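Residue numbers begin at 1 in each chain, while the letters A, B, ... track the order of the sequences. What you see is a predicted model; the values in this text were computed from it and never measured.
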Number of protein chains: 2
Amino acid sequence: MATIYQVSDLAGVSLATVSRVMNNNAKVSDKTKQKVLDAMKELGYRPNATARSLASNRSDSVGLLVPELHGPFFGQMMGGTESELRDAGKHVIITTGHSDVDKEVDGIEFLLSRNCDALILHVEAVSDEYLIELHKGKVPIVIINRYIEEMADRCITLDNALGGYLITKSVLEKGHREIAYISGPKWKDDSNQRIKGHKKALEEFNVPFNEQLMYQGDFTQTGGCDGLTSLLDAGIPFTALVCGNDEMASGVLATARQKGMDVPKELSVTGFDNIIYASLLFPTLTTIDYPIRQMGHMAAKLVLKDVYDKKKLEIRHQFIPKLVERNSAIIV
Amino acid sequence: MATIYQVSDLAGVSLATVSRVMNNNAKVSDKTKQKVLDAMKELGYRPNATARSLASNRSDSVGLLVPELHGPFFGQMMGGTESELRDAGKHVIITTGHSDVDKEVDGIEFLLSRNCDALILHVEAVSDEYLIELHKGKVPIVIINRYIEEMADRCITLDNALGGYLITKSVLEKGHREIAYISGPKWKDDSNQRIKGHKKALEEFNVPFNEQLMYQGDFTQTGGCDGLTSLLDAGIPFTALVCGNDEMASGVLATARQKGMDVPKELSVTGFDNIIYASLLFPTLTTIDYPIRQMGHMAAKLVLKDVYDKKKLEIRHQFIPKLVERNSAIIV
DNA sequence: TTGTAAGCGTTATCAT
DNA sequence: ATGATAACGCTTACAA
């Protein structure tokens with residue numbers, strides 16, 4: 001691999017001049033510039049990002065931490081962030097946290113040690129305090145899908161409570177009064193916000209909340225399967241089943257079919273997220289649209305604005321969920 | 001951020017000793033080692049990976065290039081690779097190629113410039129020659145889902161032709177003789193291999209291949225929608241529709257339902273890949289299982305073996321597709 | 001076992 | 001406009 005030395009040699013100029021040409025951040029005469037460019041081409045020179053980053057303390061890359069690499073949800077988020085940054089000539093370094101404190105911290109430290117210019121984090125295990133502390137450090141961070149008062153201007157969130165409210169309200173408006181709920185894990189904030197919205201809607205319709213119609217799932221398909229089975233076994237009747245996300249709803253649909261239940265005739269089912277295949281399920285899933293890709297884009301824009309001086313970008317911190325009515329929930 | 005200097009100061013030892021402790025690759029007395037560790041803890045020292053990598057020409061991280069970050073297929077692949085490497089204490093740096101030559105090359109150069117210890121590539125636009133050339137360089141590379149004779153020992157592939165053969169054979173065995181096909185893009189190798197298998201099966205059953213029952217799609221859901229519409233419009237009857245992948249098949253299912261066609265009674269449909277929601281579609285999709293997550297794991301293992309000296313790992317270069325029979329294809 | 005010092009490939013601050 | 005040269009934070013012979 002050719003280095004800057006060899007380029008400067010071949011071009012007959014100093015190191016500094018070569019550096020100036022690559023960064024074009026200082027006047028270099030057209031003639032010498034051309035000599036340098038020619039030398040670079042001839043040698044197939046590619047700057048060493050590591051050395052560059054060590055010397056300049058910049059890296060033109062931003063770290064991205066997601067819980068998992070697979071799954072429809074994070075895929076969209078990563079895609080949004082990456083494309084936005086790439087268009088700006090920046091690179092993204094992705095790593096995972098697996099919703100585990102140690103792994104999240106480890107991932108963050110990895111990204112920091114790589115000299116990322118900024119961090120975009122979708123973390124769920126690490127504490128608010130840790131993030132606030134981290135925020136005081138030198139590297140700007142953006143939190144996605146989590147709201148922390150003390151650093152509100154660094155957060156990109158969805159109003160999950162509103163979403164929870166909207167979906168349950170739509171079920172109530174269809175006449176349902178016996179409504180079961182499969183939630184996400186209790187320790188996840190978005191999960192709780194959705195439940196909060198759910199309860200608010202119930203209250204508005206004077207429907208008492210029944211703890212026995214609540215099952216705590218884990219946001220996976222299997223969780224939905226288990227949830228339906230468990231709720232059915234409990235023996236308390238319900239005509240609608242609101243799920244904390246689409247993946248669990250898809251598990252519910254599959255299990256219901258297996259048990260010979262007709263959705264939506266015997267049971268209305270709803271999801272949350274509007275993942276890519278929600279409209280491909282049978283029946284097509286009534287759900288809440290979660291503009292996660294756009295939010296990924298926005299997180300990137302926030303970084304571009306703050307770190308890379310794209311002043312004119314408009315930042316929007318909170319996104320609004322929307323009801324998407326399809327065929328899995330009907331009038332009772 | 002504390003540096004190695006401050007640690008050596010506080011511990012009262014030399015730079016080199018601190019370095020030895022962090023890498024524990026040379027004898028250090030227990031006493032001094034403890035002093036160093038204490039100093040590190042006290043300062044909250046975190047080694048600077050950039051400097052480390054510059055000095056040692058290693059980075060403990062491997063570059064991963066995928067066409068897209070979203071989608072069920074690559075998500076599984078990245079997940080497999082990442083978890084395998086992470087368990088070995090290595091990190092993965094992910095970037096995208098978007099099936100575009102320039103972007104793929106750009107992505108590869110980015111990874112190289114980051115000093116990755118190895119590259120795992122899922123590339124489709126770049127030429128064989130380019131990869132062969134790249135392979136001659138200093139950084140070991142692994143190619144996933146693409147077979148290149150000259151570097152067969154660096155490739156992890158699936159026998160796509162066999163898969164294409166198996167799925168069409170299963171349809172033929174159900175008595176179908178008028179079989180339409182929606183393929184992936186012509187310029188993708190896997191797409192062509194699948195077609196090749198398809199044709200072989202037809203031949204075996206003495207069914208002439210009909211070019212007019214062939215539609216070239218793009219491996220996306222929309223491609224499937226358009227494909228079905230186009231094939232129907234052509235007016236040539238068919239009782240089965242074999243799709244080049246599951247995403248297109250899902251588009252076909254949705255469009256068929258929209259048109260009031262009953263799948264599988266009026267039309268048998270098959271996919272390829274067995275993506276995560278293939279069993280959630282209605283009807284559940286008969287398809288070919290593509291063990292992409294395992295292949296992601298294997299690519300990582302190949303790197304671990306070659307680059308990180310885990311000698312005992314067993315490497316498997318070619319994976320075998322398996323027929324998964326569900327409900328979308330029935331006896332005619 | 002420990003220390004010294006020369007890199008690693010850049011950037012950036014001075015001079016000129 | 002260009003050139004020397006000292007960082008950047010670490011690894012690694014080579015000495016001691």
Side-chain angles (χ1 to χ4, degrees), chain A residues 1-40 43-61 109-117 138-139, chain B residues 1-40 43-61 109-117 138-139:
Chain A
M1 205 60 272
T3 75
I4 199 174
Y5 287 93
Q6 323 192 25
V7 175
S8 78
D9 253 22
L10 185 60
V13 299
S14 74
L15 280 195
T17 302
V18 176
S19 176
R20 285 178 187 115
V21 171
M22 4 181 328
N23 298 294
N24 70 139
N25 53 2
K27 294 273 93 152
V28 178
S29 79
D30 285 355
K31 210 165 53 183
T32 40
K33 181 183 230 159
Q34 198 51 54
K35 277 194 297 186
V36 172
L37 290 174
D38 289 348
M40 284 178 168
L43 293 168
Y45 171 72
R46 237 182 311 113
N48 178 322
T50 306
R52 223 170 176 188
S53 155
L54 180 61
S56 68
N57 208 28
R58 285 180 286 94
S59 65
D60 282 342
S61 61
E109 307 223 315
F110 168 73
L111 295 174
L112 288 176
S113 81
R114 285 338 263 203
N115 242 308
C116 290
D117 297 335
K138 220 171 167 335
V139 180
Chain B
M1 203 62 270
T3 75
I4 199 175
Y5 287 92
Q6 324 192 24
V7 174
S8 78
D9 252 23
L10 185 61
V13 300
S14 75
L15 279 196
T17 302
V18 177
S19 175
R20 285 177 187 118
V21 171
M22 3 182 329
N23 297 296
N24 70 140
N25 53 3
K27 294 273 95 162
V28 177
S29 79
D30 285 355
K31 209 165 51 181
T32 40
K33 181 184 231 159
Q34 198 51 55
K35 278 195 296 185
V36 172
L37 290 174
D38 289 346
M40 283 177 169
L43 292 169
Y45 172 72
R46 235 181 313 113
N48 178 322
T50 307
R52 228 176 171 180
S53 154
L54 181 60
S56 68
N57 208 28
R58 284 180 286 92
S59 65
D60 282 341
S61 61
E109 307 223 314
F110 168 73
L111 295 173
L112 288 176
S113 80
R114 288 335 263 202
N115 243 306
C116 291
D117 297 336
K138 222 176 167 332
V139 180

Length of the line joining B/Ile4:CD1 and D/dC10:C1', which is rounded to integer Å: 6 Å
Rounded to whole Å, how long is the line connecting atom CD of A/Gln6 with atom C1' of C/dC8? 13 Å
We want to know whether B/Gln34 and B/Asp30 form a side-chain donor-acceptor pair, criterion being a heavy-atom distance below 3.5 angstrom. no
Rounded off to whole Å, could you give me the CG-to-P distance for the A/Asn57 and D/dA6 pair? 21 Å
For A/Thr32, which contact category applies under a 4.0 Å heavy-atom criterion: base, sugar-phosphate, or nothing? sugar-phosphate
Please tell me if B/Ser14 has a side-chain N or O lying less than 4.0 Å from either OP1 or OP2 of C/dG3. yes
Taking the minimum atom-to-atom distance to the side chain of A/Lys27, which one of C/dT10, D/dA1, C/dT1 wins? D/dA1
Residue B/Arg52, side-chain heavy atoms: nucleotide from D/dC10, C/dG9, C/dT11 that is nearest: D/dC10
Short question: side chain of B/Asn48, backbone of B/Thr50 - any donor-acceptor pair under 3.5 Å? yes
Value in whole Å for how far the P atom of C/dG9 lies from CE of A/Met40: 15 Å
Distance check: side-chain N/O of A/Ser53 vs OP1/OP2 of C/dT10, anything under 4.0 Å? no
Side chain to side chain contact (heavy atoms under 4.5 Å, CB included) for B/Glu109 and A/Arg46? Distances and angles first, verdict last. CA-CA 8 Å; B/Glu109 307 223 314; A/Arg46 237 182 311 113; 3.1 Å; yes
Rounded to whole angstrom units, what separation is found between the CG atom of B/Asn48 and the P atom of C/dT10? 17 Å
Could you tell me whether the side chain of B/Asp117 and the main chain of B/Ser59 form a donor-acceptor pair under 3.5 Å? yes
Base, sugar-phosphate or nothing for B/Val13? Non-hydrogen atoms, less than 4.0 Å. sugar-phosphate
Hey, which of these two, B/Ser29 or A/Arg46, hits DNA chain C nearer its 5' end, going by closest nucleotide? B/Ser29
Would you kindly give the CG-to-C1' distance between A/Leu54 and C/dC8, to the nearest whole Å? 9 Å
Atom-pair distance (OH on B/Tyr5; C1' on D/dC8), nearest Å: 9 Å
Nucleotide N/O to protein N/O under 3.5 Å, stretch nucleotides 12-16 of chain D:
none

Any side-chain to backbone donor/acceptor pair from B/Ser56 onto B/Arg52? Under 3.5 Å, distance only. yes
